[in-house]
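In what follows, a single structure is set out as structure tokens and then discussed.
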Amino acid sequence: MINRKNLITILLAAALVFVIYFNINRTQHGNPEEWMKEHGVITERRGDPERFCLDCHSKKFSHTKENFCNKCHIPNNVEPVK
């Protein structure tokens, strides 16, 4: 039988896993102006924008890497993706 001490430990471990999972898998579809300001940080935190961003956008909107990235890079004078 699970005693109170073990139950608290299990619940805390489950809550930690829940927080980590949802922090890693949340999307960045909030305010676009704030997203643009934090784009570099978001990209570094994700570590793999092709997996987290481009994969979803290519399935939903048929974006390629070039047209997905360059629609923001070019107007903001950032080096275009090739």
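FYI, the numbering just counts along the sequence from 1. In what follows, every heavy atom counts, from backbone to side chain, and hydrogens, waters and symmetry copies are set aside.
Cluster partners of I74, using a side-chain heavy-atom cutoff of under 4.5 Å among ILVMFWY residues and allowing indirect links: none. Other members of a hydrophobic cluster containing V17 are absent, since no ILVMFWY side chain comes under 4.5 Å of it, directly or through relayed contacts.
Under the side-chain contact (heavy atoms from CB on, under 4.5 Å) criterion, L16 pairs with I20, sequence neighbours left out. With sequence neighbours excluded, the residues forming a side-chain contact (heavy atoms from CB on, under 4.5 Å) with I8 are R4, L12, listed by chain and number.
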